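Remember, it's a predicted structure, so these values are computed and weren't measured experimentally. Index from 1, following the sequence.
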Amino acid sequence: MPHLFEPLTLRGLTLPNRIAVSPMCEYSAEDGFANDWHLVHLGSRAVGGAGLVLFEATAVSPEGRISPQDLGLWRDEQIDPLARIVRFIDDQGSVAGIQLAHAGRKASTWAPGAGDGAVPPDQGGWDVVAPSPSPLPFAGHYPHPHELDRDGIAAVIDDFAAAARRALRAGFRVVEVHAAHGYLLHQFLSPLSNQRGDEYGGSFENRTRLVREVVAAVREVWPEQLPLLVRLSATDWVDGGWSAQDTVKLSQTLKALGADLIDVSSGGMVPDARIPVGPGYQTPFAARVRQESGVAVGAVGLITAPAQADHIIRTGQADLVLLARELLRDPYWPLHAAEALRQSTPWPRQYLRAAPHGSRAR
């Protein structure tokens with residue numbers, strides 16, 4: 001079996017190892033534009049040796065932002081600041097990827113530390129959309145959404161495809177469609193939030209239609225040799241919600257549509273779900289999707305120790321591990337993990353004097 005520091009090939013792209021930076025919102029953009037914070041934050045994780053550096057949830061339209069400070073890729077002018085960061089990541093031997101997202105009914109909210117709940121219109125807030133209308137906000141202090149009509153759904157699909165084209169122009173080599181954590185695409189998947197009566201609601205086939213159409217539209221504009229990832233919440237952790245079996249079934253379909261890896265997370269649909277959080281608590285979902293759908297998977301969720309991450313790969317539970325908060329605590333976790341696991345990995349030449357004996361420069 002492969003190990004944590006063995007390369008992973010997806011289509012025509014090979015990641016140098018199986019450690020990925022999970023997309024993490026930084027709430028530091030202005031009008032969707034990346035800046036020096038994003039360069040240093042993401043660049044340092046590439047310096048630290050992550051094989052794949054996934055940029056945070058990047059809105060495909062202004063209305064799709066979670067907060068006014070989210071990254072965006074809805075206009076051409078946003079390409080160059082992202083391209084600057086991509087070039088730096090490439091120079092470190094890592095691969096830059098971007099997660100494309102629309103927040104749906106969880107949009108127009110304050111960034112952490114700036115407030116709670118909906119941003120008022122007179123302070124920059126905006127109207128939000130969802131599969132079903134205003135009686136279904138995410139929580140009581142969140143905005144009341146408007147139901148997306150057919151034209152709105154078509155616009156969302158076009159926005160994802162247009163953002164993917166811009167991502168390619170920026171130099172990204174991996175694109176991920178965000179269909180998890182209670183955001184718009186997940187809202188269509190879950191019976192808890194989707195109460196439509198048309199071809200986008202009701203049955204499993206109908207509720208998954210928008211995700212399938214978005215993935216197909218992105219795959220159409222994304223080069224054949226480059227991989228497409230999809231993040232799914234494996235379960236809503238609520239009876240009557242989206243389930244692990246649903247995730248397996250959808251993953252099989254997405255594989256046929258050209259998705260190369262399912263990034264398996266969970267939750268986010270309702271604020272009061274009881275989630276048994278613990279080390280690697282979502283990894284069994286990834287293992288099930290991998291075994292039953294035959295598609296490559298990424299595991300995420302309280303993966304912190306090198307031996308734990310290596311075990312996930314060596315036992316075939318996942319093909320890739322995505323680290324979030326642990327990489328906030330230690331941007332150089334991959335370099336330290338290689339030393340702990342007695343694996344060889346290249347160091348930045350600028351830091352080579354501090355590397356273990358016998359290390360090679362990138």
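- Between Val295 and Val289, the closest side-chain pair of non-hydrogen atoms falls below 4.5 Å.
- The side chain to side chain donor-acceptor pair (under 3.5 Å) test applied to Ser251 returns no partner, not counting sequence neighbours.
- Applying the ring pair (Phe, Tyr, Trp, His ring centres under 6.0 Å) test to His181 and every residue at least two apart in sequence or in another chain returns His178.
- Residues meeting the salt bridge (Lys or Arg N to Asp or Glu O under 4.0 Å) test with Glu77, sequence neighbours left out: Arg75.
- The CG atom of Leu148 lies 9.0 Å from the CD atom of Gln187; values are rounded to the nearest 0.5 Å.
- Counting heavy atoms from C-beta outward, Asp127 and Glu63 have side chains that stay 4.5 Å or more apart.
- With values rounded to the nearest 0.5 angstrom, Ile98 atom CD1 is found 4.0 Å from Phe172 atom CZ.
- Note on residues 92-113: pairs passing side-chain hydrogen bond (donor to acceptor under 3.5 Å, both in side chains), not counting sequence neighbours, are Gln99-Glu176.
- With a 6.0 Å radius and a threshold of 12 heavy atoms from other residues, nucleotides or ligands, Gln225 has its CD atom above the threshold.
- We find that Asp310 and Arg18 are not joined by a salt bridge, their nearest charged nitrogen and carboxylate oxygen being 4.0 Å or further apart.
- Salt bridge Asp246/Arg207: absent, no basic N to carboxylate O contact under 4.0 Å.
- Closest non-hydrogen pair, Pro143 versus Pro137, comes out as O-CB, 3.4 Å.
- Note on Arg150 versus Asp198: salt bridge recorded, some NZ/NE/NH1/NH2 to OD/OE distance being below 4.0 Å.
- Arg329 CZ: more than 12 foreign heavy atoms inside a 6.0 Å radius.
- In summary, the side chains of Arg196 and Ser132 do not present any donor paired with an acceptor at a separation below 3.5 Å, with no hydrogens or angles considered.
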Candidate pair Arg325 and Asp330, rule salt bridge (charged side-chain N to carboxylate O under 4.0 Å, His left out), full reasoning: CA-CA 9 Å; Arg325 296 182 187 185; Asp330 180 7; over 6 Å; no

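- Val174 and Val214 are not part of a single hydrophobic cluster, where members link through side-chain heavy atoms under 4.5 Å apart.
- Counting Ile, Leu, Val, Met, Phe, Trp and Tyr side chains that sit under 4.5 Å apart, directly or through other members, Tyr142 shares a hydrophobic cluster with Phe138.
- Of all the heavy atoms in Ala161 and Ala217, the pair that sits closest is CB-O, 4.1 Å.
- With sequence neighbours excluded, the residues forming a salt bridge (Lys or Arg N to Asp or Glu O under 4.0 Å) with Arg166 are Asp76, listed by chain and number.
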